[in-house]
Protein chains: 2
Amino acid sequence: MTERSPAAGKPIRTAITDEDGIDFAIIELFFFAYRDFTSDPDQILADYGFGRAHHRVLHFVNRRPGLTVAELLDVLKITKQSLARVLKQLIDTDHIVQVQGLRDRRQRELYPTAKGRALALALARPQSRRIRAALEDSGTAERASIERFLEAMVNPELRAQIDIVPAQTSGKKNGDH
Amino acid sequence: MTERSPAAGKPIRTAITDEDGIDFAIIELFFFAYRDFTSDPDQILADYGFGRAHHRVLHFVNRRPGLTVAELLDVLKITKQSLARVLKQLIDTDHIVQVQGLRDRRQRELYPTAKGRALALALARPQSRRIRAALEDSGTAERASIERFLEAMVNPELRAQIDIVPAQTSGKKNGDH
DNA sequence: GGAATTACGTCAGTACTGTTGACGTAATTT
DNA sequence: AAATTACGTCAACAGTACTGACGTAATTCC
């Protein structure tokens, strides 16, 4: 009974290889890297009784203050109901506030509070530290390669989402005059 | 009532920036990239009634045939109970077989069946295609940078897990004579 | 050889995040 | 005035993760 099921297929004893041109090396690296990348904030979130979903909402509301619920759903690619619970908790705990839209009063613009801003920063800090460490000996060229790669991994139709953030690396700040 | 909660904090209307040296650009790219990276296999898995957990188990059993349950738990960093259901389903559907360990008969060595091997390949294919497309115009140097970066993102203590896979890029196959 | 430990399976209970579908309301558009 | 849109909410459910506990067979320790 312990051995194997009666009519089971035979065990394959050779490791899967890069046959068929499958890039297992990067597939696996990506899995490990993302697992550890998310583990840092997870520990902080646990103190607040929050999960990864809260983190994502908090992140994007801080990155794009004033975005509407519909826009947030579109960025996160989850359903309204999934967002509802999480968003409600963030509002109840005063991390996020809703402001009625000016143009369209049906819309709720989402903004972080000072508390929400602080938490978003606290969550991003270890992740950024990890990235900085990983790029330690890398020059700007390597960094550019990595950014290009990650961007190219995103579905083309959705790449627009990435660029919504107000470019602020250069001197171009707010104000359009 | 629609406006804002009574004693809520004031909305912050400026976007979070790279102040404090936080690398939001890569944090966000990593999120989008991983989201889309996992979306391809998710669709295939749905046809089988499987989820992401099944994928991960299937992947590692194919990559390291003969690994034990304990080793698998260590790689996936999940608990026994989380693995149990998923593994049971994969065994019941004849994707994976257990073989009693030779050295230690308490251990169950896990092997893919032909069916399990085929599914693992089918799941990896779109991911590999996406990676290849993302690396399209990249040379070997860029690829190396990206691999180095991803590896450096993994917790140092756990980097050993990555190297367990039998190196097979070079001619060194099985057999030690 | 007997006791402790290990590897694994399993049961119970719970939490978080995600899904679909339906319904209501207020605001905007046609 | 009617249709549509943006949002909130309710119900029901699924997948994946957790903790803690218990049992069994095999191995190791003394």
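It should be emphasised that the depicted structure is a prediction, and the values quoted were computed from it without experimental measurement. Every chain is numbered from 1 and lettered A, B, ... according to where its sequence line falls, protein lines coming before strand lines.
Between the CG atom of B:L87 and the C1' atom of D:dG15 there is a distance of 16 Å, rounded to whole Å. Atom CG in B:L73 sits about 12 Å away from atom P in D:dT19, given to the nearest Å. The separation between A:Q89 atom CD and D:dT9 atom C1' is 15 Å, rounded to whole Å. Atoms NE2 (B:H54) and C1' (D:dG15) sit 9 Å apart, rounded to a whole Å. To the nearest angstrom, C1' of D:dC10 lies 13 Å from NZ of A:K88. To the nearest angstrom, P of C:dA27 lies 13 Å from CD of A:Q107. Atom-to-atom, CG of A:L83 to P of D:dT9 comes out at 11 Å; the value is rounded to the nearest Å. One can place CZ of A:R108 at 12 Å from C1' of D:dT9, the figure rounded to the nearest angstrom.
For the salt bridge (Lys or Arg N to Asp or Glu O under 4.0 Å) test, no residue two or more places apart in sequence or in another chain qualifies with B:R13. Residues passing the side chain to side chain donor-acceptor pair (under 3.5 Å) test with A:R106, sequence neighbours excluded: A:D104. Legend: residues meeting salt bridge (Lys or Arg N to Asp or Glu O under 4.0 Å) with A:D40, ordered by chain and number and at least two apart, are A:R130. Take A:F149 and apply the ring-ring contact (aromatic ring centres under 6.0 Å, His included) test, not counting sequence neighbours, and it matches no residue. Every residue was checked against the salt bridge (Lys or Arg N to Asp or Glu O under 4.0 Å) condition with A:K80, not counting sequence neighbours, and none meets it. With sequence neighbours excluded, the residues that form a ring-ring contact (aromatic ring centres under 6.0 Å, His included) with B:F31 are A:F60. By the salt bridge (Lys or Arg N to Asp or Glu O under 4.0 Å) test, B:K115 pairs with no residue at all, sequence neighbours left out.
When every heavy atom of A:E109 is checked against every heavy atom of A:G101, the shortest pair comes out as OE2-CA, 3.8 Å. The two atoms that bring B:Q127 and B:F37 nearest to each other are NE2-O, 3.0 Å, heavy atoms only.
When atom types are taken as modelled, the side chain of A:T113 and the backbone of A:D94 share a donor-acceptor pair closer than 3.5 angstrom. The main-chain N or O of A:V154 is found under 3.5 Å from a side-chain atom of A:R159 such that the two form a donor-acceptor pair.
Screening B:I12, B:T17, B:I16, B:T14 against A:N62 for a side-chain contact (heavy atoms from CB on, under 4.5 Å) leaves a single residue, B:I16.
Residue B:T79 places at least one side-chain N or O closer than 4.0 Å to OP1 or OP2 of D:dC18. Here A:Q98 does not reach the OP1 or OP2 of D:dC7: none of its side-chain N or O atoms lies under 4.0 Å away.
At a threshold of 4.0 angstrom between heavy atoms, the contacts of A:H55 with the nucleic acid are absent.
Near DNA chain D, defined here as any heavy-atom distance below 4.0 Å, there are no residues from residues 42-50 of chain B.
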Using a cut-off of under 3.5 Å, enumerate the N/O to N/O pairs linking the protein to nucleotides 12-15 of chain C.
| unit_1 | atom_1 | unit_2 | atom_2 | d |
| --- | --- | --- | --- | --- |
| C:dA12 | N6 | B:Q81 | NE2 | 3.4 |

Extract from the structure each pairing of a protein N or O with an N or O of nucleotides 22-30 of chain D at less than 3.5 Å, listing the distance.
| unit_1 | atom_1 | unit_2 | atom_2 | d |
| --- | --- | --- | --- | --- |
| D:dT27 | OP1 | B:R105 | N | 3.1 |

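Taken over five-pair windows at either terminus, the axes of the helix from C:dG1-D:dC30 to C:dT30-D:dA1 are inclined to one another by 30° (rounded to 10 degrees).
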Return all side-chain donor-acceptor pairs below 3.5 angstrom for residues 138-146 of chain B, not counting sequence neighbours, or 'none' if the list is empty.
| unit_1 | atom_1 | unit_2 | atom_2 | d |
| --- | --- | --- | --- | --- |
| B:E142 | OE1 | B:G139 | N | 3.3 |
| B:E142 | OE2 | A:S145 | OG | 3.4 |
| B:E142 | OE2 | A:R148 | NH1 | 2.6 |
| B:R143 | NE | B:E147 | OE2 | 2.9 |
| B:R143 | NH1 | A:D23 | OD2 | 2.7 |
| B:R143 | NH2 | A:D23 | OD1 | 2.9 |
| B:R143 | NH2 | A:D23 | OD2 | 3.2 |
| B:R143 | NH2 | B:E147 | OE2 | 2.8 |
| B:S145 | OG | A:E142 | OE2 | 3.4 |
| B:S145 | OG | B:A141 | O | 3.1 |

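At a cut-off of 3.5 Å, with distance as the only test, no side-chain donor of B:Q89 or B:H95 sits close to an acceptor on the other residue.
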